[in-house]
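Read through the structure below, which is laid out as structure tokens, and then see the notes.
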Amino acid sequence: MAWEPDRASVEQLQRVFAGTLSPNNDERRAANDALAEAQHTPELENYLFYILMDRSAASAVRAAAGSHLKNTILRKNRDRPYLTQHVIQGLADDDRLVSRITANIITALFAQRGVEGWPEALPQLFDLVNNGHGAAAEAASEALRRLCEDSYQKLARDYHGERPVDAMVPQLLALTTNASPVIRANAIGCINEFIPGKPQSLIAQLDPYLQSLFSNAQDTAPQVRRQVCQSFSLILEQRPDKMLPHLDGVVDYCVHLMTPSAPGYDDEVAIQACEFLMMLALSVEEGRLTYQPRMDQVVPVLLASMVYSEQELVTIEMQDEKDDGAVADRDQDIKPGQARSKEHAVKTRRAGGDGGDDDSDSDSDSDDDDDDLENWSLRKCAASTLDALSTKFPRQVLEVALPELQRRLGAPEWPVREAAILAFGAMSAPCAECAADSVGDLIPFLVERLQDRETRVRQISCWTISRYADWVCDASDPASRHFGPAFEAVVRCGLDSKKVVQESACSALATFIETCDASLLRPFIGPLLNHFAQCFGVYQRKNMIVLYDCVQTFVEEMGYDALVADPHYMETLMTPLLGKWQSMSDDDGDLWPLLECMGVVAATFADKFAPYAVPVYQRAVKILAQCVHAEQQCHTDPSIEPPEVNMMITSIDLIDGLIQGFGDHSAELLASASPETGSVSVMDLVMECFDHHSADVRQSAYALLGDMAIHVLSSTIAPHLEAVVTCIGKEVHNRNWETSAVHSNAVWSLGEMALRLPTELAPYLANLLDLLIPVLEAVDLSSTVLENYAICLGRLGVHYADAVALRLAEFIVAWCTHMMYVIENEEKESAFAGMVNIIHKNPDHGFGGLSSPQARKNLGLFFSCMGNYMDPSPQLAQQFHQLLTEYHQVLGGDGWNQVMASVDADAKARLEHYG
């Protein structure tokens, strides 16, 4: 029997939705309460759709019911026969708002039901597009585009030997010639969702599709041009061979679309056109062939596109009027941030990233720190394209750009001058490399512009001068005419009256601190600490986050020795930090960046942090305990908000920083209990964090575990050893690329435990080796992660060589490959010491039997590793000497020569030092 609504229920629901739109707070609250109660009505979704389709109801009420319906669909996946049977008719409604909401509902339904759960959806949509009239056909094409965008994976899947995408491609290609520009744009948009997956049905039709794109490129409708440009970019990325014959024409077309005086100019179209130029600049062969003869055509349009548009200038004027450094930030001014989870890496212990250097020049978006105009824009896209183009063709770009930029720097209109400064920032690498004389003139100019009366000129000058930090620092000594004035001018800008300038200056200061040699900064330690103290007194909430980051960069770069040289340094830094620390409650959303900063300060100042350690530690434990408790509660009570992940990460990292700072004296600190936490054990909290859904939380938790293993193993980890090993094993077993930093930290912490537990790991060793050894052959992990695995396996040989030696033949080649050039430190040394132990336990069969050529080649590979160890400790050098001597005796002259034949000459020469 067909479903029929109860009219009284319909009218009651319509009154409820009208109430949710009321300007009266009480009416709106009562209506929302009634709506929450109605959630228990079995046929609520049918009623919502009925109201959406009720043309006698007010448009706003219909829209509210439809939006609520979409949200209820997203919450639960179940069969909805009434909706799937009738929903497509909503696309034909005369009310465009209703038809758009219907398209959203269709997308949500299909995302849950899929092809098999709703087989009629695609045929019905295509039928409406092809045979419907006017707005209905266009609405159906919009629904198709959104469906392709949200459910491409479902459409590309094989169902009983057929893939929906293969049936859709010819129908979409036909729609690219439809009379309606809306339908043509949506058809191309659907195909754009398919191109990255390269379905064979589309690849086979790429040539005719390109011809259709060229025809549509002549269309004046902006939505068609946008999709055409995006399609060009996607094809260039996936099948550059298909684009190569047409690149000259496409570049001309994109330059035309970016020219404001061209007929039908549109900002959004210009962005898509510029994105194609950027992608082409990043291509290797295609970009070289196309751009070299066109620099004088492309570069000027990029420079022109970097000037703020009229609309942007209106926005800037309104924002700058309110951008007073003395005015408090609102909640909506604070963008959500992400704490930098600690990651242990072989090359560095720095928090965040992959353990490598933070190369500011790798920011391909040429971010000019303009968070108030944060959306991707033609200006930013043009700057990014100029960056990519000048990196690839430095001399050719500079030849065209420099004369024009030098002229623009003197322009009376500030937006033109500002854009020229942005361009110099985007071209910093080639300018520093190929136009040093120009840079020598540019730096004093930028220093002068840091005092410009225009806010945005000061802001962009801070960013641009930071892009030349490498050049300024490398080209100078402490008495340099460049470094001192530039650095001091950036510091002064940090106390600008405008927030956007403060933010840009503080970021630039952090870049200088990170780039400069510490010797350049030592004369500025006292003044910089006083500067930070002043900033803490005037910065509002948003810029405080940037300031915390700058302070922790400064503390990390200067290090313990420089910062404890004067007893006043500690007081100058800690006074404002503690002021902020004490002024914020535990649930303050602005607290986590301070926790992050405090963790770095504690780790760096080590014993000098002692006067502050206990209360700081106790609060960090309390915050972590509150977060863990809230996490447990929210799983059973949906009304409880889950805790802030950033707060968990930074409280863990702060505890870790304290343990790093206090080292073997940390046990006393960990034993101090506060009234709020009582007998709560840090180890219990860490164990809870190992099961957290956030990889970032687990990543920091395993970094803390490793430092606890180094300094306080017996009092923390040892009583929980079986559970800890189980957690590590689970992390390794469930590894993937996205969680590589997590299981890398876990394996590093296992290696630290292995060094300090001479017998306790024995019961778990067989399972651990089964997990660890196969990972050395993985092709989907970074070299840094694989180095951590190799180090851990080597360290297991320090106390467990007998067991590991039985498996040596399985991993010796991969181990040597990953360890050959690892930076020399205590970790590498302990890994090699363990490996020598392992080889001693199994000198023959560990290499597969020394009589075989492959075994001798493998042994030669290990000798190459030894030879590439440049500066072993005396103890390790003695181990190397003993191992070489024993093998020389066992192999004899001929066997020894065969082994050494596979050792490279440099390594062989260094091995001779061992006799």
Side-chain angles (χ1 to χ4, degrees), residues 344 659 663-667 670-671 681-684 686-687 690 701-733 743-776 788-812 815 819 825-846 873 875-876 878-879 882-883 886:
H344 178 86
I659 290 175
D664 295 342
H665 300 290
S666 302
L670 269 60
S681 159
V682 172
M683 194 63 210
D684 287 337
V686 172
M687 294 291 295
F690 289 157
Y702 281 112
L704 173 56
L705 179 71
D707 285 314
M708 291 169 75
I710 294 171
H711 300 295
V712 286
L713 185 145
S714 61
S715 62
T716 57
I717 299 172
H720 303 269
L721 186 60
E722 182 176 356
V724 168
V725 172
T726 300
C727 290
I728 292 173
K730 182 171 70 173
E731 201 68 61
V732 174
H733 178 74
H743 60 86
S744 181
N745 276 7
V747 167
W748 165 72
S749 67
L750 175 64
E752 295 293 345
M753 289 187 285
L755 288 180
R756 296 164 177 85
L757 294 171
T759 60
E760 291 85 345
L761 284 176
Y764 319 108
L765 206 59
N767 288 335
L768 288 173
L769 292 174
D770 286 340
L771 282 169
L772 298 175
I773 290 173
V775 179
L776 288 187
N788 265 340
Y789 274 83
I791 286 173
C792 180
L793 278 166
R795 287 175 148 190
L796 285 169
V798 172
H799 295 301
Y800 305 96
D802 288 309
V804 183
L806 299 175
R807 309 285 297 273
L808 179 61
E810 299 176 44
F811 68 87
I812 185 62
W815 189 91
M819 292 297 295
N825 55 21
E826 292 180 2
E827 295 181 9
K828 180 173 181 176
E829 179 166 332
S830 60
F832 266 83
M835 184 54 68
V836 172
N837 283 349
I838 293 168
I839 293 171
H840 270 304
K841 297 292 183 180
N842 198 352
D844 185 3
H845 297 291
S873 69
Q875 295 84 353
L876 185 58
Q878 178 59 34
Q879 286 182 278
Q882 183 179 350
L883 189 71
E886 291 176 0

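We use all heavy atoms of the structure for the numbers below, so side chains are in, but hydrogens, waters and symmetry mates are not.
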Search all heavy atoms of [X] against all heavy atoms of [Y] and return the closest pair with its distance.
| X | Y | value |
| --- | --- | --- |
| Gly794 | Trp815 | N-NE1, 3.8 Å |
| Pro719 | Ser714 | CD-O, 3.6 Å |
| Trp748 | Asp707 | CH2-N, 3.7 Å |
| Ile717 | Met753 | CG2-SD, 3.5 Å |
| Ala709 | Ser749 | CB-O, 4.4 Å |
| Leu796 | Ala754 | CD2-CB, 3.6 Å |

Examine His743 together with Tyr789 and report whether their ring centres are nearer than 6.0 Å. yes
Got Gln879 and Phe832 here, is their nearest side-chain heavy-atom distance under 4.5 Å? no
Under a 4.5 Å cut-off applied to non-hydrogen side-chain atoms, are Leu670 and Ser715 in contact? no
Report, one line per pair, each donor and acceptor closer than 3.5 Å where one atom sits in a side chain of residues 761-771; sequence neighbours left out.
from	atom 1	to	atom 2	distance (Å)
Asp770	OD1	Arg807	NH1	3.0
Asp770	OD1	Arg807	NH2	3.1

Can you list, pair by pair, the side-chain donor-acceptor contacts under 3.5 Å of residues 720-732, counting residues two or more places apart and other chains?
from	atom 1	to	atom 2	distance (Å)
Thr726	OG1	Glu722	O	2.8
Lys730	NZ	Asp691	OD1	2.8
Glu731	OE1	Arg698	NE	2.9
Glu731	OE2	Arg698	NE	3.3
Glu731	OE2	Arg698	NH2	3.1

Can you name the residues that form a side chain to side chain donor-acceptor pair (under 3.5 Å) with [X], not counting sequence neighbours?
| X | result |
| --- | --- |
| Thr716 | none |
| His799 | none |
| Glu760 | none |
| Gln878 | none |

Return a table of donor-acceptor pairs under 3.5 angstrom between the side chains of residues 833-840 and protein atoms on other chains or two or more places apart.
from	atom 1	to	atom 2	distance (Å)
Asn837	ND2	Gly797	O	3.4
His840	ND1	Glu886	OE1	3.0

Just how far is it from atom CD1 of Ile791 to atom CG of Leu750, taken to the nearest 0.5 Å? 13.0 Å
Pairs flagged by salt bridge (charged side-chain N to carboxylate O under 4.0 Å, His left out) wherever residues 790-802 is involved - sequence neighbours left out: Glu752-Arg795, Asp802-Lys841
Partners meeting ring pair (Phe, Tyr, Trp, His ring centres under 6.0 Å) with Tyr800 (sequence neighbours left out): none
